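Notes to accompany the following structure.
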Amino acid sequence: MSRLNPRQQEAVNYVGGPLLVLAGAGSGKTSVITRKIAYLVQHCGIQARHIVAMTFTNKAAREMKERVGSLLKGAEARGLTVSTFHNLGMNIIRKEYARMGYKPGFSIFDDGDIKALLTDIMQKEYSGDDGADEIKNYIDSWKNDLILPDEALANARNPKEQTAAIVYLHYQRTLKAYNAVDFNDLILLPVKLFQEHADILEKWQNRIRYLLVDEYQDTNASQYLLVKLLVGMRNQFTVVGDDDQSIYAWRGARPENLMLLKEDYPSLKVVMLEQNYRSTSRILKCANILIANNPHVFEKQLWSEMGHGDEIRVIRTRNEDAECERVALEILTEHLRTQRPYSDFAILYRGNYQAKLMELKLQHHQIPYRLSGGTSFFARQEVKDLMSYFRLLVNPDDDNAFLRVINVPRREIGSTTLEKLGNYASERGISMYAAADEIGLGAHLDSRYAERLSRFKRWMDNVRQQCAQNDPIAAIRSMVMDIDYENWLRQNASSDKVADARMGNVWFLVDALKSTLDKDEDGDMTIEDAIGKLVLRDMLERQQEEEEGAEGVQMMTMHASKGLEFPSVYIIGFEEEILPHRSSIEADTIEEERRLAYVGITRAKRNLALTFAAKRKQYGEVIDCTPSRFLDELPPEDLVWEGQEDAPVEVKAARGNDALAAMRAMLKR
DNA sequence: ATCATCATTGTTTTT
DNA sequence: CAATGATGAT
């Protein structure tokens, strides 16, 4: 960790211009970035406040911040920005909202907000609902490519795209009226801003003298442009990425941005990191051979000095039940035999649905596990609803909370009314909540609607007053009864069971609030403080989740596993139609699936097992399964087959759908 | 109009 | 085999 190898050193020390670091899996790229930041500060005289490092996940940002913090003295690190793309975008909008026509305190709509909004728009503008998801995909990809509604509409090639483009137009208008942005806007708006206002761009370019970007292969078109704009003429930046670990093309990532860099910056220097500090050479050999089946611009071979290591085990089981049982039992016995902690083991899979059975089996054997990816407590609809009520209670100016709450339950206040309210509020420079019972509003709005708004505000004000005067918890309980939230849940839930569970979460949250208040020793904690604490917990939820479950077996999708490592890795469902996923086979995007397998394999430090089942229940029907074609591409001498021994070769031959790949794999041997 | 039962439908991956 | 949507009875 402390000593860098020559390649890494080169990457750290090179400040002569744009630099691309092609960092293979486990090659210490985070070390390179963090050391480089320290180097820039300590040896190049660049103040930390002029350095920005960008990542894709909050987790990565946090980790990086920590590691830089241990390399620099407190004062040296002051002002350093390590943030995600979206975070940076949010900060830019925060500072420059006025130039984009937004009000302060804009809201960020999450997935749920957006889907609700889209269905709303579709119902209003047409009366059909073409599936909000599909429309959202269109809008997302347009936004990723910096295409605005007008352009989308002009270029729409078929009726579906046309519909989507029209919805897009309304969607964008509505968001604006709500003073809200979506996730993609966090990138797109700053890019547009910079393109249109040279002075602002210059300001930010002056602020950011050196830019570093992690996981560069995951950037999409608008992120690429954002980087390019921020870098400007200065040309001082380092991007780190690995084309072999590009697994997000489906959400707009453009791994070819790595190549594009060469064209945009002819003086680009490329450094390759090929020494791996994570895995045994056996595992790396397999990974190398697998990924060699993909076309490459940059040839890269991982190697390590971590010893030869054991063979990769390929485990064949009768069905998916036996598969999960086998993995659970193995982990159990291995844990008992070697005393290794459960957290040494990871179970990786292609789709979240595969986790269910696995979970069951682990539970059955009383093996603790940690599941990442599921909807966590604070992400649940009902929790968010109630949290929004809380937020509005303590901060009436939280327009986001206001909007979330205003029609939960239905108060028959449509988007037109809200739009007008929003316009009025922004004219007056006040929040929507504050504007809701202003006399002046009547001039813009039919009295019926104005009355509905002011009734809501009066009600809410009353709740707030109750909180201040009497027992706040009792006030909140009666608020929940007042809005008849339980009934609302029943209406919207698919079943009573679900509704009950959701209502349980609501009371749980109220209890959490109560216990926060009760725990207070000085007795001077206000309800505002308590709610503030909860909101904070909401925001820190991720962190907590990770700390909490650190002792169990780690279960996650292969996508979620990128960047992590585990002594022992099991990849389950190593089958055709699952690992090369069916839709990927159809869409002919096998290469990305191969990269996904590559990512999974390279998570393992010492032990790796790939499992597949001969038969599997799917849609309630038992179907025959075929081992993944990627197994054919691995070097046979490094594999040991376990479980039923009917020649997998025969199965392979029987499968005609990828004869070419099979042939190539044969020749390789 | 609302609810219950029946039929159909489908399963990547997520900042 | 769910979970979601359509259809029919009350």
Side-chain angles (χ1 to χ4, degrees), chain A residues 54-62 83-90 108-112 114-115 119 128-129 131-134 136-137 140-141 143-144 181-188 213-220 222-223 226 245-253 320-321 348-357 360 372-376 379 487 490-499 542 556-563 571-573 575-587 589-590 592-600 616-623 628:
Chain A
M54 300 223 249
T55 63
F56 274 85
T57 66
N58 289 315
K59 205 176 73 185
R62 208 169 51 234
S83 86
T84 64
F85 270 94
H86 297 277
N87 238 312
L88 183 78
M90 187 175 73
I108 298 165
F109 273 22
D110 64 26
D111 221 50
I114 282 159
K115 266 180 209 156
T119 29
D129 52 324
D133 289 315
E134 202 182 350
K136 185 175 181 297
N137 283 339
D140 278 344
S141 65
K143 286 196 168 188
N144 282 335
V181 301
D182 64 18
F183 253 65
N184 302 309
D185 284 340
L186 294 177
I187 314 294
L188 188 135
V213 184
D214 191 16
E215 304 282 13
Y216 191 75
Q217 75 284 347
D218 290 341
T219 52
N220 62 33
S222 58
Q223 285 157 343
L226 183 62
Q245 292 187 75
S246 162
I247 52 176
Y248 286 110
W250 52 272
R251 67 164 197 217
E320 80 277 21
D321 196 80
L348 308 181
Y349 36 82
R350 177 65 233 260
N352 279 311
Y353 68 98
Q354 294 177 72
K356 278 181 200 148
L357 224 202
L360 224 62
S372 67
T375 34
S376 55
N487 209 18
R490 288 193 191 287
Q491 280 173 0
N492 290 59
S494 54
S495 76
D496 272 13
K497 261 190 303 183
V498 177
R542 284 223 159 110
M556 68 195 79
T557 63
M558 289 159 90
H559 281 93
S561 76
K562 196 168 73 155
I571 303 179
I572 62 175
E575 288 158 31
E576 288 291 305
E577 315 261 285
I578 295 182
L579 190 35
H581 193 269
R582 186 150 106 256
S583 43
S584 289
I585 296 172
E586 280 159 15
T589 56
I590 296 297
E592 180 146 313
E593 296 289 304
R594 189 177 282 112
R595 289 192 290 265
L596 191 55
Y598 176 80
V599 167
R616 183 179 289 279
K617 233 189 293 183
Q618 208 176 337
Y619 306 145
E621 216 178 4
V622 179
I623 57 152
S628 170

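Keep in mind it's a predicted model, so treat the numbers as computed, not measured. So you know, we letter chains A, B, ... as the sequences are listed, proteins then strands, and number each from 1.
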Residue pair A:Gln354 / A:Ile578: nearest heavy atoms and the distance that separates them: NE2-CG2, 3.7 Å

For atom CD1 of A:Ile578 and atom P of B:dT13, their distance in whole Å: 12 Å

Span that lies between the C1' atom of C:dT4 and that of B:dT13, in whole angstrom: 22 Å

Spacing of A:Lys59 atom NZ relative to B:dT14 atom P, expressed in whole Å: 12 Å

Rounded distance (Å) that lies between atom C1' of C:dC1 and atom OH of A:Tyr353: 14 Å

Distance in angstrom units between A:Asp218 CG and B:dT14 C1', rounded: 11 Å

Verify stack between A:Trp250 ring and B:dT13 base, 5.5 Å, 30 degrees: yes

Note: A:Asp182-A:Lys136 ion pair, threshold 4.0 Å (strictly below): no

Non-hydrogen atoms of A:Glu593 and A:Ser584 that approach each other most closely: OE2-OG, 2.8 Å

A:Phe85 CZ - B:dT14 P separation (whole Å): 20 Å

Touch class at under 4.0 angstrom, heavy-atom based, for A:Glu621 against every strand present: nothing

Side-chain donor-acceptor pair present, A:Ser583, A:His581, cut-off under 3.5 Å: yes

Separation of B:dT14 C1' from A:Glu215 CD (nearest whole Å): 14 Å

Sugar-phosphate, base or nothing in reach of A:Thr84, heavy atoms under 4.0 Å: nothing

For atom NZ of A:Lys617 and atom P of C:dC1, their distance in whole Å: 5 Å

